[in-house]
Every structure is written in structure tokens, then in C-alpha cells.
> 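Take a look at the following structure, please.
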Amino acid sequence: SNDAESPWQVRLSLDDLVEPLLRDHVNDGTFDALIIAAPDGRVIFQTGAAPLQVVHLARLVASKDVKGAETRTFDDLARAAGMADVLVAGDQYKLFTQPCCSVLSTGVSQASPGGPQASPGWVLAGLTSQRSLTAQSYAVSFSIMAVISIALLLALLSWPFVKLLLIGDAQRIKAHDVVLVGTSALLGIALITISVLDLYAYKTLEATLDDQLQAFAEDISRHANDEIKAAVGQLARLETAVDRPDFPYPRFPEEQSIS
């Protein structure tokens with residue numbers, strides 16, 4: 001609430017509220033750093049690599065042409081999802097931005113001098129190393145590599161059979177040809193058996209994980225509903241206690257909208 005006379009004030013710690021939501025996206029390598037910035041670019045919260053500490057995003061993304069005119073400002077990225085190339089600690093990074101949390105912005109939208117009005121909400125930004133993006137773009141899926149490897153091994157093991165089929169009538173079959181055919185047949189059957197068993201185990205494990213995730217989601221939903229019901233009950237009891245005529249403390253303020 002913006003009412004200065006209201007006796008009720010609420011303070012939330014972004015470290016406790018936001019970091020659990022963003023930490024996993026940094027730990028799994030999706031982003032090197034995640035940042036929440038105010039409409040003017042001032043950094044409110046940041047998690048990620050220590051060398052990527054940023055104080056003000058507006059200065060980081062500002063770009064000018066040879067004549068000194070601004071070609072890109074933070075406000076351009078704060079109003080819609082965007083992407084920009086930035087330089088941090090001497091390395092090239094991709095900066096991804098997404099406007100968010102407009103309902104939490106309680107101040108009046110700020111405007112830069114001579115520019116358009118700033119975004120009314122916060123901005124979620126993610127930094128990803130350009131080298132990491134380039135390396136990931138050339139990465140090959142493990143499944144594709146496994147299929148290619150199996151195909152190459154089967155082609156190699158089939159060579160003794162091809163040689164046996166193409167042998168002429170005047171040529172003799174030597175002892176080592178028979179050994180190669182037997183060894184290739186044995187290894188080929190073993191390779192096919194292992195591949196089939198691995199595929200079966202993968203499908204079974206995938207179905208088991210899906211069932212476990214479904215049960216976990218239902219458990220979370222049930223506990224969340226129980227917590228909400230308990231919180232509603234406590235609020236109802238608190239409201240009943242506050243509405244008593246002999247309540248000695250300040251009452252709840254009138255309902256107001258937060259903009």
C-alpha cells in the first residue's frame with residue numbers, strides 16, 4: 001500500500017523469496033547469472049557467478065553509434081522480451097530480458113530525461129556466456145551418438161559376412177575367415193541384445209519416473225491446498241479477533257489496490 005498513514009507494513013526478503021525459484025536455472029547451466037532489475041535498470045537481486053556482479057543494467061546495455069547517438073537503451077529491453085550482446089568482465093555474454101512482476105511495483109514509473117516512460121514493473125534478466133552458447137549449438141545428442149556408434153559397429157561386424165558372400169568359386173575359405181564370421185556373429189548378437197535391453201530399460205524407467213512425478217505433483221497439490229485452507233482459517237480467526245470492539249491495537253486498513 002502507498003498510504004503513509006497505514007499502521008501496517010510488510011517487508012519481504014528477495015533472497016528468501018526469489019533465490020529458491022532462480023537458483024536451479026543457474027545450477028543446471030541454463031544461465032550464468034539471473035538478475036532482477038528495477039524499471040530504471042538498477043539491480044535489485046542477483047544470483048550466479050561472483051565475477052558477474054552487475055550494479056546497473058542500463059549502463060551495461062547502453063549502445064551508441066559513431067555519432068554518439070543512442071541506438072539501444074535499457075528501456076527498449078524492459079518493455080518486451082529481448083536479447084542483447086553485452087561485455088562483462090572482458091567476455092561476451094548474451095543478455096535475455098523479460099518484463100515481470102508489474103503488480104509488485106509500488107512506485108511511480110520513472111522516465112529517463114528526454115526519453116519514453118520506463119517500464120512499470122521489474123525486469124528479469126539472464127546472462128549466458130557466448131562461448132557456452134556456441135559450444136552447445138555444436139553439441140550432438142547422446143542418443144544420436146549412440147545410434148551412430150551402434151550402426152558403425154554393426155557395419156564393421158558385417159564385413160566378414162559380406163566377404164563370404166562375395167567370395168569366388170575358385171577361392172578357398174580359410175580358417176581365419178571362419179573364425180572372423182563366428183566372432184562377428186557372436187559380437188553382433190551380443191550388441192543387438194544389449195541395445196534391445198537398454199531400450200527396454202529406458203522405456204521402463206521413463207514410465208516409472210513419469211508415475212513418480214505424477215504422484216509427487218499430486219502430493220504437492222494436496223499439501224498446498226491444506227496449507228491454503230489452514231492459512232484462510234487463521235486469517236478468518238484473526239479478522240474476527242480484530243473486529244471485536246475491545247481490540248486495543250490498530251485495525252486493518254481499508255482495501256486498496258496496489259499499482
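Count residues from 1 along the sequence.
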> Test side chain to side chain contact (heavy atoms under 4.5 Å, CB included) on Q46 and I36; report intermediate values, then the result.
CA-CA 6 Å; Q46 178 172 351; I36 294 180; over 6 Å; no

> Looking at L157, L186, L164, which one forms a side-chain contact (heavy atoms from CB on, under 4.5 Å) with V181?
L164

> Side chains of R131 and D91: closer than 4.5 Å at any heavy-atom pair?
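Touching, per the 4.5 Å side-chain cut-off.
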
> Within the 4.5 Å heavy-atom criterion, are V86 and L127 side-chain neighbours or not?
yes

> Give me the atom names and distance for the closest heavy-atom approach of H56 to V43.
N-CG2, 4.0 Å

> Are D177 and K174 close enough, and set up right, to give a salt bridge (Lys or Arg N to Asp or Glu O under 4.0 Å), and what steps lead you there?
CA-CA 5 Å; D177 292 331; K174 300 179 182 180; over 6 Å; no

> Backbone N or O of A155 within a donor-acceptor pair of the S158 side chain at under 3.5 Å?
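Present.
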
> Does the side chain to side chain contact (heavy atoms under 4.5 Å, CB included) test come out yes or no for L124 and T97, once each step is laid out?
CA-CA 6 Å; L124 177 63; T97 60; over 6 Å; no

> Which pair of heavy atoms, one from D32 and one from S129, lies closest together, and at what distance?
OD2-N, 2.8 Å

> Answer yes or no: is there an ion pair linking K229 with D226, defined by an N-O contact shorter than 4.0 Å?
no

> Treating Ile, Leu, Val, Met, Phe, Trp and Tyr as nodes and any side-chain heavy-atom pair under 4.5 angstrom as an edge, say whether L152 and I144 lie in one connected cluster.
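Per the 4.5 Å side-chain linkage, L152 and I144 are co-clustered.
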
> Count I, L, V, M, F, W, Y as connected when their side-chain heavy atoms are under 4.5 Å apart, and connections chain through other members. Are L34 and M83 then in the same cluster?
yes

> Evaluate the side-chain proximity of Q98 to V123: yes if any heavy-atom separation is below 4.5 Å, no if none is.
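Of all side-chain heavy-atom pairs linking Q98 with V123, none is under 4.5 Å.
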
> Starting from I44, can I reach F31 by hopping between I/L/V/M/F/W/Y residues whose side chains sit under 4.5 Å apart?
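Hydrophobic grouping puts F31 with I44.
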
> Can you measure from CG (L191) to OG (S184) and round to the nearest 0.5 angstrom?
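Those atoms lie 11.5 Å apart.
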
> Give a yes or no on this: more than 12 heavy atoms of other residues, nucleotides or ligands lie within 6.0 Å of atom CZ of F161.
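Result for CZ/F161: enclosed.
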
> Evaluate T128 against F96 for side chain to side chain contact (heavy atoms under 4.5 Å, CB included), listing each step before the verdict.
CA-CA 8 Å; T128 302; F96 301 89; 4.0 Å; yes

> Count I, L, V, M, F, W, Y as connected when their side-chain heavy atoms are under 4.5 Å apart, and connections chain through other members. Are I192 and I189 then in the same cluster?
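Looking at the clustering, I189 is in a separate group from I192.
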
> Are side-chain heavy atoms of L209 and E206 found at a separation under 4.5 Å?
no

> Supply the atom-to-atom distance L213 CG to D219 CG, rounded to the nearest 0.5 angstrom.
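The CG atom of L213 sits 12.5 Å away from the CG atom of D219.
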
> Could you tell me whether a side-chain N or O of N225 sits under 3.5 Å from a main-chain N or O of S221, the two making a donor and an acceptor?
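Yes, the answer is positive, given that a donor and an acceptor are paired below the 3.5 Å cut-off.
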
> Would you kindly confirm whether L154 and V196 end up in one hydrophobic cluster when ILVMFWY residues are joined by side chain heavy atoms under 4.5 Å apart?
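Linked within one cluster.
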
